[in-house]
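What follows is a short report on a single structure.
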Amino acid sequence: MPELPEVETTRLGLLPKVKGRRIDEVIVRNRRLRWPIPRNFEKMLAGQTVGDVHRRGKYLLWDCGTGFVLSHLGMSGSLRILQAETAALVHDHVDIVFDNSLVVRYHDPRRFGAMLWLAGRELDHPLLDKLGPEPLSSDFDGNYLHAASRGRRTSIKEFIMNGHVVVGVGNIYASEALFMAGIDPRRYAGTISRARCNKLAESIKQTLANAIRAGGSSLRDYVQADGELGYFQSEAQVYGRDEMPCNVCGSHVRSIRQGQRSTYFCATCQK
DNA sequence: CGAGAGTCCTGAAGGC
DNA sequence: TGCCTTCAGGACTCTC
């Protein structure tokens, strides 16, 4: 499942291939994603030249001058760079064909992802309006987390996964960051002290930055983004390790459900 | 507004 | 071997 590090790695892989390139053709094979791909999508993109590719949370925003392509990988999506003549396979829903005979191919078996056209220069789309700060920016720190969580009775784990609080913290990294910070995922967000909010904010930054670094070095100039990289799983301290010994204290890692999501934690190390 | 549940979807895994 | 059921998950959307 693509998390923020995979999305950032995808962005870094795409950028040198598409920046400054003209879009010759767009092929849509299935419009039924998270939201339907708009009817005018192909027409709006054809002939556009891609400038920068930005990331906001897990959204990628392709600057095309007169508008932006907004893409999201959902939980099973990938964007790959291929030679234009490469045959499409099942679940290859969109091709963006460039003037250098490369194609950016969007593949998404579960179709939880998105591909939209945002007309104009203003990124004032409702999907982007209410998003919280970027976790790796200076806008996100312990003071922010502390202030934002006062009075909130949701669990700290669900709280940091809420995109209106902070973007890009997915299920894996939420469990890992809480383990690193030594915080029980079931605690009410509003009861976490300022000192522990500082620790948690730093842990979130560190887990995400580590994963981006690992992804970037293992991928180089090739975009592989369907979340099957395994570079993070191999380093996971608690995620997916139900009943296995905690790497720190040896007691069994536990698995629980929070908000219809699985959470992994060590009840000895996390209080 | 906050909290919790529902929703989209396919493929993998488990039960019989 | 094969069919059926369950589950996984991002994040928007609905209900209370």
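Chain A is the first sequence line, chain B the second, and so forth, proteins listed ahead of strands; every chain is numbered from 1.
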So, is A/Y239 close to the C/dG9 phosphate, meaning a side-chain N or O under 4.0 Å from OP1 or OP2?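 Answer yes for this pair, as a side-chain N or O of A/Y239 is under 4.0 Å from OP1 or OP2.
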Integer-rounded Å distance: [N] [atom2] and [X] [atom1]:
X: A/D242; N: C/dA8; atom1: CG; atom2: P; value: 11 Å
X: A/L60; N: C/dG10; atom1: CG; atom2: P; value: 16 Å
X: A/E3; N: C/dA8; atom1: CD; atom2: C1'; value: 13 Å
X: A/N162; N: B/dC1; atom1: CG; atom2: P; value: 13 Å
X: A/I172; N: C/dG10; atom1: CD1; atom2: P; value: 8 Å
X: A/M161; N: C/dA8; atom1: CE; atom2: P; value: 13 Å
X: A/Y173; N: C/dG9; atom1: OH; atom2: C1'; value: 15 Å
X: A/M75; N: B/dG11; atom1: CE; atom2: P; value: 12 Å

Ignoring hydrogens and geometry beyond distance, is a side-chain donor-acceptor pair present between A/T207 and A/E176 at under 3.5 Å?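 Distance-only check fails for A/T207 and A/E176.
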Sub-3.5 Å donor-acceptor pair from the side chain of A/E3 to the main-chain atoms of A/I172, do we have one?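 At least one qualifying donor-acceptor pair exists.
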Would you say [X] and [Y] make side-chain contact, with heavy atoms under 4.5 Å?
X: A/V18; Y: A/V104; answer: yes
X: A/F159; Y: A/V166; answer: no
X: A/P135; Y: A/K205; answer: no
X: A/F98; Y: A/V103; answer: no
X: A/P185; Y: A/Q270; answer: yes
X: A/F112; Y: A/S76; answer: no

Pairs involving residues 114-132 of chain A, ordered by first then second residue, that meet side-chain hydrogen bond (donor to acceptor under 3.5 Å, both in side chains) (sequence neighbours left out):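 Listed by first then second residue: A/D63-A/R121.
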Can you give one letter per nucleotide of nucleotides 3-10 of chain B, going 5' to 3': B for a protein heavy atom under 4.0 Å from the base, S for sugar-phosphate only, - for none? S-BB-BBB
Over all strands shown, is A/L127 touching base, sugar-phosphate only, or nothing at heavy-atom distances under 4.0 angstrom?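 Sugar-phosphate contact only - A/L127 comes under 4.0 Å of backbone atoms but never of a base.
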Helix axis bend for the helix from B/dG2-C/dC16 to B/dC16-C/dG2 - C1'-based end axes, five pairs, 10° rounding: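 Answer rounded to 10°: the end axes differ by 50°.
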Listed partners of A/F265 passing ring pair (Phe, Tyr, Trp, His ring centres under 6.0 Å), at least two apart: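 In terms of ring pair (Phe, Tyr, Trp, His ring centres under 6.0 Å), with neighbours along the sequence ignored, A/F265 is linked to no residue.
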Please identify each residue that fulfils salt bridge (Lys or Arg N to Asp or Glu O under 4.0 Å) with A/R55, with sequence neighbours left out.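 A/R55 satisfies salt bridge (Lys or Arg N to Asp or Glu O under 4.0 Å) with A/E8, A/E134 only.
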Selection from C/dG9, C/dA11, C/dC12 that lies nearest to any side-chain heavy atom of A/K58: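 Side chain of A/K58 sits closest to C/dA11.
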Which atoms of nucleotides 4-6 of chain C (N or O only) lie under 3.5 Å from a protein N or O atom, and what are those distances?
none

